[in-house]
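To keep things clear, I will list the structure first and then write my remarks on it.
Proteins come first, then strands; the chains are lettered A, B, ... in the order of their sequence lines, and each starts at number 1.
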Protein chains: 2
Amino acid sequence: MDVDARKLRILQAIVEDYILSNTPVGSRTLSKTCGLGVSSATIRNEMADLTEMGYLVQPHVSAGRVPSAKAYRLYVTQLRPRGMDEQEIERARKAFSGRVRDIESVISQGASAISDLTHYTALVLTPRQSDLKVRSLHLIPVASDRALLVIVTDSGVIRDTSIRVSSRLDASALYTIGQMLTHRMQGLTLRQVREMLYGYAANSDADARVLGGIADLAAQMEKQTESDRVMVGGAHNILYYPEYADVTTARAFMNALEDKSSLISLLRRTENGIGVMIGAETGIEAFRDCSVITAPYRVGRGHTGAIAIVGPTRMPYARMMDMMSMFSQELTGALSYKE
Amino acid sequence: MDVDARKLRILQAIVEDYILSNTPVGSRTLSKTCGLGVSSATIRNEMADLTEMGYLVQPHVSAGRVPSAKAYRLYVTQLRPRGMDEQEIERARKAFSGRVRDIESVISQGASAISDLTHYTALVLTPRQSDLKVRSLHLIPVASDRALLVIVTDSGVIRDTSIRVSSRLDASALYTIGQMLTHRMQGLTLRQVREMLYGYAANSDADARVLGGIADLAAQMEKQTESDRVMVGGAHNILYYPEYADVTTARAFMNALEDKSSLISLLRRTENGIGVMIGAETGIEAFRDCSVITAPYRVGRGHTGAIAIVGPTRMPYARMMDMMSMFSQELTGALSYKE
DNA sequence: GTTAGCACTCGCTCGCAATGAGTGCTAACA
DNA sequence: TGTTAGCACTCATTGCGAGCGAGTGCTAAC
């Protein structure tokens, strides 16, 4: 038995009805809304077939049908119903670009901007930074025994860390040391710089005596650069969906958002275009009834991060995919400095 | 009718029982637990008095009593039952100081550290920074037409912003400009610096031609420094309290957390020591059944921020006040650089 | 002032019947 | 062979009333 055109049409009508209503769809209403001009009995026959094929589920025998994950999958891959019109997109684009301008605001604002505009929970993955190449290093005096170390990389991305320094060093001495460090480390990756710092700390040569707390610094760099970082925004949006009216369910969802490492591995799977993971495809138990829409963004050349929204599988996919696609473009545009 | 010692003792027992059980407290259980050695009938008489005086509320006539906000207020101000012992405090202190080291981590980590350790929702108010005095300014080349402006203030607090600059300027030119700016602006407040930048942008004198996007920068500084900023952490903790098992209530709570300006005015009321606001005292409708415990922290000299936790009025006040007091000390310690 | 006793209140739970939306099946129809 | 009307059947949901029990207020005795 295959899914012919009529079955597809019925399935589409069911999915779209369910997305709006969140109640099982019955054959009678369907015969009126799907526009095929056939009676409810015919629809019933088709629905029985679709149920047998695993596209539909009935909560209980005398209820209507609910689309399964398989149905959403078919819906997303085979059908491309109305997304957002130009006006809507443009309005959202403006709202978004007003809030996210540079890499810092992506990290601090990105997730909440996306969640505000989509009304879903948003995730932002910052790209792993240990492969970035160092362009220059700078030491800026902050207090008598503290300096700010600023690392500029080839993507314009900046890592800054406050470190302890010998109190004998004044501003110009620190500037000179910065120049020296730049000279020595230019072109190396952040990972190599880190290894070098570990080396200094261990060997305690001239530079190690000048800079205190180098091991600390290297460790902190490792933490900040080696693992991707993920930001969550708008977690409370989930409370607006009746699927999560039960506190236990909502709690499980929120807890899943706390487990950063699983979110990171979820977002690492982001590929070039817009990605959609439905239900179990997410690989996260608490997201069994959720869908995740992912999109990549580029920082500088080649280093990619990812954004995502998470919400009930009952989601206006086309609209949200349009949204995410737009965010992806906007971010990449905002973050690519001209060289 | 006044609150004599026995009434106080009974009230205390009710509050503490209710904090643990979250169920109305009856006279029978109370006669056993309060340790007065009187019968339930006697307790009932006293409870009737306390109800009349507004310290107790009965949800319905055949239920036990529930402490009112007035009761919690009396409990907090007059009674000081067991807080945390030294060991507990010490363990929490370690966990906290491991996560919050400098002003940046207070902003990014503070709220979630506090919420993790208390299991309540945490708020962190960063101090207004426009009164800080500038110590030095630095320009660091990031890309051909971008530089990082770092402002070091007398509290060691750093404001950094990415700005557009003329592409004709190389690293050493930017360094020189930084020195010049430092020379000119040292000792001024951030507010004065901002005004000066606005002036440059308007008059378009020599320096304005050198630096592009000055007005942008000034506006951004204004936004970042003029208004206090507030961070929220662990909002989902509220879902663990049965008082918020209803999604509508939880949603109202979460929405209140989105209204930053009312949170700011809540936290601005923080005074020198640990503050406790109970129910309507918070002035926020959604926090009518919540209590807020606030504590100040100092950054450098004199500039104060505030931390707070928000949770159901049924809260182990003494323990939480101990906690907040410790956080306050730790933060102030971690953020006061030696001069 | 304290306590035992007792009638009373009222939220909560459980079982039961009525309701109604929706199904599957069958037989007739085009 | 596909479509449709008709009909018996299922089952979640709702409303209702009885029974339960925790807890109270009051009264009378200590």
Side-chain angles (χ1 to χ4, degrees), chain A residues 1-11 13-15 17-18 20-68 71 242-243 245-246, chain B residues 1-11 13-15 17-18 20-68 71 242-243 245-246:
Chain A
M1 188 159 38
D2 68 331
V3 184
D4 59 18
R6 192 169 72 177
K7 282 196 173 56
L8 212 57
R9 180 117 174 228
I10 290 172
L11 195 59
I14 292 175
V15 168
D17 189 307
Y18 187 74
L20 288 178
S21 70
N22 192 34
T23 44
V25 188
S27 57
R28 235 184 84 83
T29 41
L30 209 54
S31 77
K32 278 181 280 183
T33 59
C34 80
L36 283 171
V38 292
S39 80
S40 64
T42 310
I43 303 279
R44 273 205 291 282
N45 287 330
E46 298 284 35
M47 282 166 88
D49 291 349
L50 286 168
T51 307
E52 201 181 323
M53 288 187 274
Y55 290 108
L56 297 177
V57 172
Q58 23 187 357
H60 54 88
V61 72
S62 77
R65 303 303 213 283
V66 168
S68 69
E243 286 89 335
D246 177 36
Chain B
M1 190 157 38
D2 68 330
V3 184
D4 58 19
R6 194 171 71 178
K7 281 196 174 56
L8 212 56
R9 180 119 173 226
I10 290 172
L11 196 59
I14 292 175
V15 168
D17 188 308
Y18 188 74
L20 288 178
S21 70
N22 192 34
T23 43
V25 188
S27 58
R28 237 184 82 83
T29 41
L30 209 56
S31 78
K32 280 180 280 182
T33 59
C34 80
L36 283 170
V38 293
S39 80
S40 63
T42 311
I43 303 279
R44 274 205 290 282
N45 288 330
E46 298 284 34
M47 282 167 87
D49 291 348
L50 286 168
T51 307
E52 201 181 325
M53 287 188 273
Y55 291 107
L56 296 178
V57 171
Q58 15 183 199
H60 54 88
V61 71
S62 76
R65 302 305 212 283
V66 169
S68 69
E243 287 90 334
D246 177 36

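In this entry the distance linking CG of A:Leu30 with C1' of D:dT3 reads 16 Å, nearest Å. Following rounding to the nearest Å, B:Glu46 (CD) and D:dC26 (P) show an atom-to-atom distance of 15 Å. In this structure, B:Tyr18 places its OH atom 16 Å from C1' of D:dG23, rounding to the nearest Å. The interatomic distance linking B:Arg65 (CZ) with C:dC10 (C1') rounds to 14 Å, in whole Å. Taking atom CD on A:Gln58 and atom C1' on D:dT10, their separation rounds to 11 Å, with Å as the unit. One interatomic measurement links the two molecules: NZ of A:Lys32 to P of C:dA21, which rounds to 11 Å at whole-angstrom precision. Put simply, CG on B:Leu36 is 16 Å from P on C:dG1, counting in whole angstrom units. Rounded to an integer number of Å, the gap from CG of B:Asp49 to C1' of C:dT2 is 14 Å.
Mapping B:His60 and B:Val38 onto DNA chain C via the closest heavy atom, the residue that lands nearer the 5' end is B:Val38. Mapped onto DNA chain C by nearest heavy atom, B:Ser62 and B:Asn45 fall at different nucleotides, with B:Asn45 at the one closer to the 5' end.
Nearest heavy atom pair, residue B:Leu56 against residue B:Pro67, reads CD2-CA, 4.0 Å.
A donor-acceptor pair is defined here as one N or O able to donate and one able to accept, closer than 3.5 Å; such a pair exists between the side chain of A:Ser68 and the backbone of A:Tyr55. Looking only at distances, no side-chain donor or acceptor of B:Ser27 sits under 3.5 Å from a matching main-chain atom of B:Ile43.
Side-chain to base pairing of B:Arg44 with C:dG5: one donor and one acceptor N or O lie within less than 3.5 Å of each other. With hydrogens and angles ignored, no donor-acceptor pair under 3.5 angstrom links the side chain of B:Ser39 to the base of C:dT3.
In this structure, D:dA18 forms a base pair with C:dT13, meeting either the Watson-Crick or the G-U wobble geometry with both donor-acceptor distances under 3.5 Å. If you check D:dT27 for Watson-Crick or wobble pairing at under 3.5 angstrom, you find it paired to C:dA4. The partner of C:dG20 is D:dC11, judged by Watson-Crick or G-U wobble contacts that both fall below 3.5 Å.
Put simply, A:Arg6 has a side-chain N or O that comes within less than 4.0 Å of OP1 or OP2 on D:dT3.
If you check every strand for non-hydrogen atoms under 4.0 Å, A:Ser40 touches nothing. Base engagement by B:Thr42 is indicated by at least one non-hydrogen atom pair under 4.0 Å involving a base atom.
Picking from D:dT4, D:dT24, C:dA4 the nucleotide with the shortest atom distance to the side chain of A:Ala41 gives D:dT4.
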